[in-house]
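Beneath this line is the structure, given in structure tokens, with notes to follow.
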There are 2 protein chains.
Amino acid sequence: MTVDTPTQTVLYTLEQAIKAYRKLCQHNLDAVADDLTVDQALTLIVLEKYPALSQQQIAELVFKDKASITRIIELLTQKGLLTRDIHPQDRRKFALSITTQGKHILAHLADTIALNQQTALAGLADEEIRQFHQTLQKIIANCLVPPACA
Amino acid sequence: MTVDTPTQTVLYTLEQAIKAYRKLCQHNLDAVADDLTVDQALTLIVLEKYPALSQQQIAELVFKDKASITRIIELLTQKGLLTRDIHPQDRRKFALSITTQGKHILAHLADTIALNQQTALAGLADEEIRQFHQTLQKIIANCLVPPACA
DNA sequence: TTTGTATAGTTGATATATCAACTATATTGG
DNA sequence: CCAATATAGTTGATATATCAACTATACAAA
């Protein structure tokens, strides 16, 4: 493992890759939805797949802060894609449900997601992707700050 | 290449990895500098290595918008780590120079950078890193939105 | 020179990231 | 049941991301 200035490292390239991918996602998303961010779309998708999740659980699933989720959900609600009701079992929580309009948009999103992935990973063999994934996992494990020191 | 829901894809793991790495960087940075963000530190480091860069060029180098660079530089100036003077050859530009205090902080940053990289890439063979880097480059190329359509 | 165009940087608006402080509600131990 | 503690979510503050509009300056062409 060689150490270099930041702009020469693989981790720098990692940053570049994620930014390029986000741009692609937003670009493809703009084609099917008006005024919807990638993060808003992701939250909607997660809620469709796991309807019973609390905001805290959503946050963990998408690696965001619960504060960010609060604000994203607020925007989704403002846009009429989501409704929030008090959770019947736990009054601290909210029961989130996707509106008809939200479901309508979700129907279009499936293709966009597939397109994003296919575009980004075009020309990569399954084995290469597997390897890549494994390396990512190692990096993630390496980066975890020990909670005791954090 | 297999398509899945977002939370199952390698690109999702990519997002996770970069967030974990950023957290590690900020954690290690906090140990040597007070009230300095990773992006501010990166900008300072780039300016040390390439002192003649314009803000636009810095932006390209670190994959940020020139608007973000404007604000980061403003903060670095406020903190007394950087000074801005009008560029003698081009009055649209600024000549940025690192103050004594900035250089003092930079002296501490070298170790932190090395630590970040070594920690994140611990246990990875050079060949694995090389492969990883290559895959990242492919993904970046795949994600570039054709300028004509953007 | 003048006009047109390109470039450097700033600023505003909105979304998200992060941390900390806060409220409301649950839960647990006694 | 009550007090202590934990959890769900909100809010505020600040930094950054992104896009668009804008100013000032440079440059190129006529």
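Just so it is clear: chains get the letters A, B, ... in the order the sequence lines come, proteins before strands, and each one is counted from 1.
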Residue whose closest nucleotide on DNA chain D lies nearer the 5' end, A/R92 versus A/K19: A/R92
Closest-nucleotide ordering on DNA chain D, the 5'-leading residue of A/Q55 and B/I69: A/Q55
[X] side chain N/O closer than 4.0 Å to the phosphate oxygens (OP1, OP2) of [N]?
{"X": "B/S68", "N": "D/dT16", "result": "no"}
{"X": "A/K64", "N": "C/dA17", "result": "yes"}
{"X": "A/T70", "N": "D/dT11", "result": "no"}
{"X": "A/K66", "N": "D/dA8", "result": "no"}
{"X": "A/R91", "N": "C/dT25", "result": "yes"}

Check against salt bridge (charged side-chain N to carboxylate O under 4.0 Å, His left out), A/E74 and A/R84: CA-CA 9 Å; A/E74 192 186 337; A/R84 283 201 326 179; over 6 Å; no
Note: A/E48-A/K103 ion pair, threshold 4.0 Å (strictly below): no
Residue whose nearest DNA chain C nucleotide is more 5′ - A/F63 or A/Q89: A/F63
Sugar-phosphate, base or nothing in reach of B/Q40, heavy atoms under 4.0 Å: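 Sugar-phosphate contact only.
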Check against salt bridge (charged side-chain N to carboxylate O under 4.0 Å, His left out), A/R130 and A/E127: CA-CA 5 Å; A/R130 207 191 51 71; A/E127 172 56 21; 2.9 Å; yes
